[in-house]
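To start, the structure itself, in structure tokens.
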Amino acid sequence: MSHPAVNIYRTLKPTNISKKIDEAKGLGHKTRLLYTNENDSFTCIIAKEPTSLEEEIKEIRRSGSNKDLDTPEFEMSDIFYFCRKGMETIMDDEVTKRFSGEELESWNLLTRSNYNFQHISLRLTVLWGLGVLIRYGFLLPLRVTLAFTGVSLLVVLTTMVGFLPNGRMKNFLSQKVHLMCYRICVRALTAIITYHDSENKPKNGGICVANHTSPIDVIILASDGCYAMVGQVHGGLMGIIQRSMVKACPHIWFERSEVKDRHLVAKRLSDHVQDKSKLPILIFPEGTCINNTSVMMFKKGSFEIGTTVYPVAIKYDPRFGDAFWNSSKFGMVNYLLRMMSSWAIVCSVWYLPPMTREEGEDAVQFASRVKSAIARQGGLVDLLWDGGLKRGKVKDTFKEEQQKLYSKMLVGNQEDRSRS
């Protein structure tokens with residue numbers, strides 16, 4: 001699943017640069033030299049220019065057989081194009097690698113960031129042992145205590161505020177309680193957060209959308225401002241927290257049977273944003289956690305409502321602790337323990353200027369424009385792929401598209417020949 005215009009990078013000796021370019025051209029690649037480092041003569045970048053299916057198959061046929069595309073027949077050599085594209089896609093997969101932890105250039109003394117760790121030196125082993133002792137013997141118990149305190153206060157205080165009559169006093173106390181409790185929970189992660197452009201913070205009656213890396217994205221944002229949360233009703237401890245929170249603040253919780261009803265969800269969201277006294281809604285349109293190296297396709301639902309959208313970009317620094325939640329590998333409790341036993345959670349948050357739908361722009365185009373703005377500000381890769389590929393298979397339409405292009409190429413050439 002690579003992008004059609006992927007660049008190929010190679011590190012070569014100067015004498016081999018022209019040779020490698022000629023070899024690539026011999027294989028049917030259109031290539032050009034993009035960059036050479038004057039200070040390092042052993043480094044250059046060769047880029048593969050995007051070519052069409054018809055052009056590449058024509059090159060293969062020209063070098064492998066006497067037939068050309070004027071012959072409206074299947075040629076056995078055509079399969080080499082699809083084999084090569086398949087291997088290129090596997091080697092430079094833009095999607096699957098977004099669902100695993102970000103690779104670090106250097107080890108941060110966390111075993112989880114170097115599973116192949118072996119004894120290198122006594123000094124490094126002693127430092128790692130001291131780190132384990134500090135993180136698990138001192139920091140982890142302290143952080144667990146803070147987390148328990150923050151969650152307990154959130155449940156108790158929001159329940160108490162919920163008994164007050166609706167009005168300014170209830171809203172004021174609700175906001176103070178939420179901010180205090182979320183900030184205690186942030187301390188439980190030793191989160192070091194830098195907020196930029198606070199003048200663009202979301203306002204009542206709007207929708208805040210952000211890229212999604214981890215469940216802690218919620219408390220990262222909620223520790224700097226109050227939001228109305230959107231989510232599915234849960235049981236257990238999470239259900240207790242949800243029921244207490246909704247008593248103090250109009251959060252939007254859906255039953256499992258209601259989540260798939262797009263019209264009901266849109267109506268609930270629309271009714272909320274029309275009331276300018278209610279807090280802005282916080283939504284993560286990707287619908288799944290991505291490893292903070294890219295932003296994937298935004299679902300269009302929250303962009304169909306017709307209100308002001310406040311984009312927010314979140315970027316974590318993995319050198320101190322990887323915030324990405326690989327839900328297919330770790331449960332929530334295991335994940336939180338990993339977070340609390342990291343050195344720290346360091347991140348930057350950018351509040352982007354509010355955006356609205358332009359004239360003639362549909363919800364999909366609006367969502368793509370907002371996504372591009374977030375990716376650009378956060379230094380993330382802007383991908384067109386759906387995050388649902390994390391658990392689902394590639395849609396048949398993607399395969400059928402390639403089949404249609406190939407058949408159209410053959411049938412189209414046959415029609416042109418019959419006309420002439």
Side-chain angles (χ1 to χ4, degrees), residues 101-114 127-128 130-151 153-154 175-176 178-202 208 210-227 282 284 289-295 310-326 330 332 334-352 374-380:
E102 184 178 356
E103 295 182 5
L104 299 179
E105 293 182 0
S106 58
W107 188 37
N108 59 0
L109 294 179
L110 295 176
T111 308
R112 70 198 66 153
S113 62
N114 188 352
L127 286 175
W128 174 79
L130 287 174
V132 171
L133 184 63
I134 293 172
R135 289 187 292 110
Y136 287 92
F138 174 70
L139 293 179
L140 182 59
L142 180 60
R143 290 168 175 173
V144 170
T145 302
L146 283 172
F148 179 78
T149 302
V151 172
L153 286 175
L154 181 65
Q175 292 184 22
K176 294 300 180 183
H178 279 84
L179 283 174
M180 179 187 71
C181 295
Y182 283 129
R183 286 172 180 173
I184 293 174
C185 291
V186 163
R187 299 296 184 274
L189 298 170
T190 314
I192 303 171
I193 314 168
T194 304
Y195 297 97
H196 304 270
D197 305 319
S198 295
E199 66 274 10
N200 296 325
K201 288 174 63 174
C208 173
N211 57 301
H212 198 25
T213 302
S214 159
I216 67 173
D217 293 339
V218 175
I219 63 174
I220 294 293
L221 294 177
S223 62
D224 191 47
C226 292
Y227 298 90
L282 176 59
F284 301 101
C289 294
I290 312 298
N291 70 356
N292 208 225
T293 60
S294 62
V295 184
Y310 296 87
V312 175
I314 306 174
K315 177 63 177 177
Y316 292 92
D317 189 340
R319 292 176 297 176
F320 302 94
D322 186 7
F324 170 62
W325 181 35
N326 188 346
F330 303 106
M332 178 60 76
N334 191 348
Y335 167 76
L336 291 176
L337 287 175
R338 288 167 63 86
M339 291 299 95
M340 292 181 185
S341 59
S342 298
W343 294 112
I345 300 298
V346 180
C347 74
S348 295
V349 176
W350 289 272
Y351 296 108
L352 279 66
I374 291 175
R376 187 164 51 251
Q377 180 63 72
L380 306 169

May I ask you to test the Phe324-Cys289 pair for a side-chain heavy-atom distance under 4.5 Å?
yes
Heavy-atom pair of closest approach, residues Pro311 and Ile374:
CB-CG1, 3.8 Å
Below 4.5 Å, heavy atoms only, C-beta onward: do Tyr227 and His178 meet side chain to side chain?
no
For Met340 against Ala147, the heavy-atom pair lying closest together:
CE-CB, 3.5 Å
Pairs under 3.5 angstrom only: tabulate donor-acceptor contacts from the side chains of residues 213-223 to other protein residues two or more places apart or in another chain.
residue	atom	partner	partner atom	Å
Thr213	OG1	Asn292	ND2	3.0
Ser214	OG	Ile216	N	3.0
Ser214	OG	Ala323	O	3.3
Ser214	OG	Tyr335	OH	2.4
Asp217	OD1	Tyr316	OH	2.4
Asp217	OD2	His212	ND1	2.8
Asp217	OD2	Thr213	N	2.7
Asp217	OD2	Ser214	N	3.0
Ser223	OG	Tyr195	OH	3.0
Ser223	OG	Ile219	O	3.1
Ser223	OG	Ile220	O	3.1

Examine distances only and state if a side-chain atom of Asn200 and a backbone atom of Tyr351 form a donor-acceptor pair shorter than 3.5 Å.
yes
Quick one: closest heavy-atom pair of Val312 and Cys208, and the distance?
CG2-SG, 3.5 Å
Distance (rounded to the nearest 0.5 Å) between Cys181 SG and Lys176 NZ:
13.0 Å
side-chain contact (heavy atoms from CB on, under 4.5 Å), that's the test. Do Leu352 and Asp197 meet it? Break it down for me.
CA-CA 7 Å; Leu352 279 66; Asp197 305 319; over 6 Å; no
Tell me, with the steps shown, if Arg319 and Trp343 meet side-chain contact (heavy atoms from CB on, under 4.5 Å).
CA-CA 9 Å; Arg319 292 176 297 176; Trp343 294 112; over 6 Å; no
Working to the nearest 0.5 angstrom, can you tell me the gap between Leu154 CG and Thr149 OG1?
12.5 Å
Under the criterion side-chain contact (heavy atoms from CB on, under 4.5 Å), I'd like the reasoning laid out for Lys315 against Trp350: C-alpha separation, chi angles, the key distance, then a yes or no.
CA-CA 9 Å; Lys315 177 63 177 177; Trp350 289 272; 3.7 Å; yes
Test item: Lys201 side-chain N/O and Asp224 main-chain N/O as donor-acceptor pair under 3.5 Å:
yes
In terms of heavy-atom contacts, Met339 and Arg143 come closest through O-NH1, 4.2 Å
Spacing of CG belonging to Leu142 relative to OG1 belonging to Thr190, to within rounding of 0.5 Å
7.5 Å
Side chains of Cys226 and Leu179: closer than 4.5 Å at any heavy-atom pair?
yes
So how far is it from Leu146 CG to Leu189 CG, rounded to the nearest 0.5 Å?
9.5 Å
